[in-house]
There are 2 protein chains.
Amino acid sequence: MPKSSQLRPDRPATINDVAERSGVAASTVSRALSNPGRVSQHTRLRIEQAAAELNYVPSSQARALSSGKTGAVALLVPDITNPFYFGIIRGTQLQLKAAGYTQLLVDTEESEDVEASALESLRRTADGVILAAARLDDEALVQAARHTPLVTINRSVPGIPTVHIDTPGAIGQALNHLVSLGHTTVAYVSGPATSWSNARRWTAFNDDAKGLGIKVIRIGPFAPKTTSGAAAADATVHSGATACVVFNDLIAIGMLQRLRERGIRVPDELSIVGCDDIFGADFCNPPLTTLTSPIEQAGRVATTMLLERIKAPLSASFRKLASLPTHLTIRNSTGTAPTPAKTKD
Amino acid sequence: MPKSSQLRPDRPATINDVAERSGVAASTVSRALSNPGRVSQHTRLRIEQAAAELNYVPSSQARALSSGKTGAVALLVPDITNPFYFGIIRGTQLQLKAAGYTQLLVDTEESEDVEASALESLRRTADGVILAAARLDDEALVQAARHTPLVTINRSVPGIPTVHIDTPGAIGQALNHLVSLGHTTVAYVSGPATSWSNARRWTAFNDDAKGLGIKVIRIGPFAPKTTSGAAAADATVHSGATACVVFNDLIAIGMLQRLRERGIRVPDELSIVGCDDIFGADFCNPPLTTLTSPIEQAGRVATTMLLERIKAPLSASFRKLASLPTHLTIRNSTGTAPTPAKTKD
DNA sequence: AGACTGAATGCAACCGTTTGCCAAAAATTG
DNA sequence: CAATTTTTGGCAAACGGTTGCATTCAGTCT
């Protein structure tokens, strides 16, 4: 008769319950479950059965206390509402679950302080941390990496493994595309000043544009939200550029909305290239030409790198950098440059 | 001279380090920090200073072990990629952080089994669980609620507190809107068969439609993804309905894309009402008329209810149900019914 | 002044695991 | 068959807190 439910007065079964039921010591149970080779097949089977009957689930807290391993990995994102990070969240979640880890999600709200204190308190709580778009300075990150395995996404710091979505590497593609459509003055619409990605995108934009001999304008910075799009759109229109590359799709979509309000046609009067290819970039109006990022893959790769490091903390043979390629996806927000009807000299 | 960094050979400071440094017993430190009234002001100050100097952060694992409280709350969502849940994630995250709790995010991948096993293993790990769109049957949920404080969102089970986004209550509004535009045959495009929300929306739709004397068609079920939209669109067009209410915006947006491909104009030939008002509903093409849900608020309210329950587990005076109102947001995906050019008989 | 009260602190057990070390049992060897 | 090695399993000490109980020391009451 299965008395599993009878035996459970209230609390979950402990390792001692299993030990008692299978007639061995608690330590043997522990070994049977985590280090099967260490006990005889016979007792292992008996223990496994007892554990199953009691519906035994080891306490991760207790395990963490004595072994130091928590079985949890934290993911720090600067803004949970930004769809870009959904992909990251999903990618890490997937990979972590597959490896039997738990995901701790922390929204740092674009704040250095929150990021720093999260990093500090996570030290005990998580076996490692994945930092998406870290805002902290290099020194603080290096310091944190000393005691907690760390992987960053889109932020490179000497000595810390990084996954890198190579949007800058594809900005040339975008620029070529625009040039081939006849644009000669192109704006870059900046994201947040503290963003490392933004800095890299701008640099690439500027360098590539020089190579192509086109005129460059920099606009911004803007917060990475659709609501910033209105100001960004107005500024871009006013700048005289006929095309722009925008720090990310969120701002680009906001621009689209604003331009529509103002009756400025895209791409007829202004061509727009976004970055990331987030959810929505394909069904906005018009659908957005953008630099497509393998966002979810970035999350997966970061997780894999972190897990490797957690499992073999000593080995020096780790991949320190993964760079994921990006490509231009052409939709309908880019088109031939407007013929200058009447421009002021 | 500050020797904080000197004193830290490697590991984080423990309560014993603090005790030693301030010349008291560990138990006193524990009390000073968690139960300030229990020690004299003098020693409390001394302890607090020592703790600050050592950069002491209590181990949540150790605390959990002895006190039973983990300081973490788990959020279970059926699909992390669905923007609807972003709002939930954000709302709970906000509220949890404010209360000093940690968020554990689990994607159950629409699977009962994953949900059940998560619930089981979370028993030790989390102080409570917020279940968004639970797929599990009532019995399993009641069973789980016996040992873990639980709050559900959009899923009502006797005895379990629930936050309820009252989309069904606003479906009448949507129907009235459509009727006033001249529609007489309206389809309901179903979501997943296992979804409690879907069942309630359909019931409300059917009842309200009867009251208005309009003809009803049910289509589906469809998975809640934009990719389901193509099939949904084709089926709806084929059904002869001139307008439809769609289980959620994700499917509705997918339909929009398909209809555009097929050259069927929205709203001229078919009017579409979505549900939820997710990210993207306002900038798709055409912008979607939809039943706007206070998604983030739902997350906040659920968290508050759960936290109340966690803090005072005995009191019976809890709010068991919060119902959040929803309203129709009219955009451009609905319009006057097409005049029947040539209909079959 | 002696007994009593209450505040402040310390002691030690406990929470559920892991793990180093040791002893018993079994298997191997000469 | 004795000696030696290898398995196997148990004991007990951590891990870092919390908490019931005992203790100490003033201060209060009669």
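None of the values given here were measured: they were computed from a predicted structure.
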### Summary
Closest to the 5' end of DNA chain C, once A:Y56 and A:R38 are matched to their nearest nucleotides, is A:Y56
### Query
Measuring from A:I130:CD1 to A:Q103:CD, what's the distance to the nearest 0.5 Å?
8.0 Å
### Summary
Rounded to whole Å, the NE2-P distance (A:H42 to D:dG9) equals 8 Å
### Message
I need the NZ-P distance between A:K69 and C:dT19, as an integer number of Å.
### Response
11 Å
### Task
Report yes if at least one side-chain N or O of B:S40 is closer than 4.0 Å to OP1 or OP2 of C:dA7; otherwise report no.
no
### Query
For residues A:T162 and A:T152, is any side-chain donor paired with an opposing acceptor at under 3.5 Å?
yes
### Message
Among D:dG16, D:dG9, D:dG10, which nucleotide has an atom closest to any side-chain atom of B:L65?
### Response
D:dG16
### Query
To the nearest Å, how far apart are B:D17 CG and D:dG16 P?
9 Å
### Query
Is any N or O donor-acceptor pair between the side chain of B:S66 and the base of C:dC14 shorter than 3.5 Å?
no
### Task
Spell out yes or no: do the side chain of A:R31 and the base of D:dG10 have one donor N/O and one acceptor N/O closer than 3.5 Å?
yes
### Task
Write down the distance between CZ (B:R11) and P (D:dG16), rounded to a whole number of angstrom.
8 Å
### Task
Indicate, with a heavy-atom threshold strictly under 4.0 Å, whether B:V29 touches base, sugar-phosphate, or nothing.
nothing
### Message
Taking CD in A:E48 as the centre, count heavy atoms belonging to other residues, nucleotides or ligands within less than 6.0 Å. Is the count above 12?
### Response
yes
### Task
Could you work out which one of C:dT17, C:dG10, C:dT19 sits closest to the side chain of B:R124?
C:dT17
### Rounded distance in Å - CG (B:N35) to P (D:dT19)
9 Å
### Task
Could you point out which residue of B:E112, B:E109, B:E110 forms a salt bridge (Lys or Arg N to Asp or Glu O under 4.0 Å) with B:R135?
B:E110
### Message
Classify B:T14 by what it touches in the nucleic acid, base, sugar-phosphate, or nothing, heavy-atom distance under 4.0 Å.
### Response
sugar-phosphate
### Task
Choose from D:dG17, C:dT17, C:dT19 the nucleotide whose nearest atom is closest to any side-chain atom of A:R63.
C:dT17
### Query
Is any NZ, NE, NH1 or NH2 atom of the basic residue among B:R90 and A:D79 found under 4.0 Å from an Asp or Glu carboxylate oxygen of the other?
yes
### Message
Base, sugar-phosphate or nothing for B:T43? Non-hydrogen atoms, less than 4.0 Å.
### Response
sugar-phosphate
### Message
Just to be sure I understand the rule, does A:A62 reach a base, reach only the sugar-phosphate, or reach nothing, if contact means heavy atoms closer than 4.0 Å?
### Response
base
#### Entry: Atom-pair distance (CD on A:Q41; P on D:dT8), nearest Å
10 Å
### Query
Between A:T28 and D:dG10, does any side-chain N or O lie under 4.0 Å from OP1 or OP2?
yes
### Task
Check whether the side chains of B:R300 and B:Q297 place a donor and an acceptor atom closer than 3.5 Å, and report yes or no.
no
### Task
Calculate the interatomic distance between B:I15 atom CD1 and C:dC14 atom C1'; express it in whole Å.
15 Å
### Task
Measure from CG on B:N16 to C1' on D:dA14 and round the result to the nearest Å.
12 Å
### Query
Which is true for A:V57 with a 4.0 Å heavy-atom rule: it touches a base, it touches only sugar-phosphate, or it touches nothing?
sugar-phosphate
### Task
Mind checking A:S30 for me? I need base, sugar-phosphate or nothing, with any heavy atom below 4.0 Å counting as a touch.
base
